[in-house]
Amino acid sequence: MTKIGILALQGAFAEHEQVLKALDVETVQIRNQQDWETHADLDGLILPGGESTVMGKLLHDLDLFEPIKTKINAGLPVFGTCAGLILLAKTIVGGQTKHLASMDINVARNAYGRQLGSFVTNADFKGIGEIPMVFIRGPIIETIGPEVEILAQVNGAIVAAKEKHMLVTSFHPELTGDTRVHTYFLEMISQSKKEKL
Ligand code: GLN
């Protein structure tokens with residue numbers, strides 16, 4: 001059975017848990033180093049939305065930063081939503097402190113300004129079709145490396161992408177009741193399991 005860890009330091013982790021439960025997937029909350037070590041057999045990891053600066057600091061304070069980064073870089077499938085996307089980005093516009101820096105994307109935080117900070121729209125997601133997208137002071141991906149595939153764009157801005165075993169969205173699929181992006185991530189996990197056989 002598939003077992004997914006959800007980083008549960010701060011932010012919208014409970015919502016991801018509910019979606020995965022609805023999809024009959026086992027989930028575990030990762031709150032500290034002991035959780036991470038106990039669940040060394042995870043098939044995938046979710047980095048939720050919240051505040052990337054706070055989560056980044058907590059990762060260091062709790063000694064989770066290096067072990068998580070090492071495992072992601074070794075191929076652990078990971079799905080970052082909103083702040084989770086920022087945590088995975090190699091660079092952040094304006095030279096702000098980067099975090100795990102595992103994915104070859106350059107990201108602008110709070111890219112929609114104050115007025116348009118939060119909104120809902122429908123747009124096409126490659127391989128899925130049109131889905132609802134909830135944005136809450138989300139980032140946009142300004143530039144991508146050669147290995148990165150664009151999965152969705154809204155008004156010309158990249159809002160979902162994939163690089164090897166890493167999936168990111170600027171929006172919050174866990175808040176819509178539409179489980180297809182999570183299913184997409186589960187398929188990435190099955191694929192990576194097959195590749196390891
Ligand atoms: N604005 C937040 C950040 O910069 C992200 C917002 C979110 O995750 N909903 O980290």
Side-chain angles (χ1 to χ4, degrees), residues 4-20 27 29-31 44-62 64-65 68-69 72 77-123 125 131-144 148 150-155 157-163 166-182 184-185:
I4 298 200
I6 305 175
L7 188 68
L9 306 180
Q10 188 258 342
F13 55 86
E15 292 80 355
H16 280 289
E17 207 169 65
Q18 279 160 15
V19 176
L20 290 171
T27 60
Q29 293 189 359
I30 305 296
R31 294 178 174 272
L45 176 68
I46 290 188
L47 305 175
E51 196 54 44
S52 55
T53 46
V54 177
M55 269 194 266
K57 183 176 183 306
L58 287 171
L59 282 175
H60 284 287
D61 292 351
L62 297 164
L64 277 168
F65 186 88
I68 288 184
K69 185 180 162 102
I72 291 174
V78 62
F79 176 19
T81 56
C82 206
L85 175 158
I86 298 165
L87 290 179
L88 285 170
K90 199 171 242 178
T91 51
I92 300 175
V93 172
Q96 291 181 47
T97 315
K98 57 184 168 30
H99 303 282
L100 298 164
S102 300
M103 186 166 173
D104 200 2
I105 51 176
N106 179 36
V107 165
R109 291 180 62 206
N110 302 320
Y112 290 96
R114 272 207 179 170
Q115 294 238 310
L116 254 183
S118 303
F119 62 99
V120 186
T121 189
N122 286 302
F125 190 105
I131 57 164
M133 298 180 181
V134 176
F135 290 84
I136 306 170
R137 290 173 51 76
I140 61 176
I141 301 171
E142 291 224 331
T143 51
I144 56 169
V148 178
I150 297 172
L151 297 176
Q153 285 177 282
V154 170
N155 300 326
I158 305 168
V159 296
K162 179 183 157 189
E163 178 183 5
M166 295 176 277
L167 173 70
V168 290
T169 62
S170 306
F171 53 91
H172 291 264
E174 76 284 10
L175 298 181
T176 58
D178 187 318
T179 56
R180 288 177 291 171
V181 179
H182 287 79
Y184 185 98
F185 179 53

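Note that these values count all heavy atoms, side chains included, but never hydrogens, waters or copies made by symmetry. In each ligand, atom 1 is the first atom listed, and ligand 1 is the first ligand listed.
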Problem - Interfacing atoms of ligand 1 (cut-off 4.0 Å, heavy-atom, S52) - result: 3 (C), 4 (O), 10 (O)

Handout entry: E17 side chain vs T27 backbone, donor-acceptor pair below 3.5 Å
Key = no

Exercise for the section: Return the orientation label for the F171 and F125 ring planes: parallel under 30°, perpendicular over 60°, tilted otherwise. Expected result: perpendicular

Exercise for the section: Around atom 7 (C) of ligand 1, find the nearest protein heavy atom and jot down its residue, atom name and distance. Expected result: C82 SG, 2.7 Å

Completion exercise
Tightest non-hydrogen contact, residues N122 and P132, listed as OD1-CA, 3.2 Å

Practice task
Among all protein heavy atoms, pick out the one at the shortest distance from atom 1 (N) of ligand 1; state its residue, atom name and that distance to 0.1 Å.
Solution key: N110 OD1, 2.6 Å

Practice task
Return yes or no for this condition: an N or O of A83 is under 3.5 Å from an N or O of ligand 1.
Solution key: yes

Practice task
State whether the shortest distance between N or O atoms of I136 and N or O atoms of ligand 1 falls below 3.5 angstrom.
Solution key: yes

Handout entry: Check: R137 N/O within less than 3.5 Å of ligand 1 N/O
Key = yes

Practice task
Could you tell me whether the side chain of T121 and the main chain of M133 form a donor-acceptor pair under 3.5 Å?
Solution key: no

Problem - Side chain, backbone, both or neither: R109 near ligand 1, heavy atoms under 4.0 Å - result: side chain

Problem - Close-contact set for ligand 1 against I86 heavy atoms, below 4.0 Å - result: 3 (C), 4 (O), 10 (O)

Fill in the blank from the handout: Taking every heavy atom of R31 against every heavy atom of L9, the minimum-distance pair comes out as O-CD2, 3.5 Å

Exercise for the section: Would you check, one step at a time, whether the test side-chain contact (heavy atoms from CB on, under 4.5 Å) holds for V78 with L100? Expected result: CA-CA 12 Å; V78 62; L100 298 164; over 6 Å; no

Problem - Interfacing atoms of ligand 1 (cut-off 4.0 Å, heavy-atom, G49) - result: 8 (O)

Problem - Heavy-atom closest pair, residues K69 and A101 - result: NZ-CB, 4.3 Å

Handout entry: Sidechain N-carboxylate O distance under 4.0 Å for R137, E51
Key = no

Exercise for the section: Would you check whether H172 reaches within less than 4.0 Å of ligand 1, judged by its heavy atoms? Expected result: yes

Practice task
Go through ligand 1 atom by atom and flag the ones less than 4.0 Å from a non-hydrogen atom of G50.
Solution key: 2 (C), 5 (C), 6 (C), 7 (C), 8 (O), 10 (O)

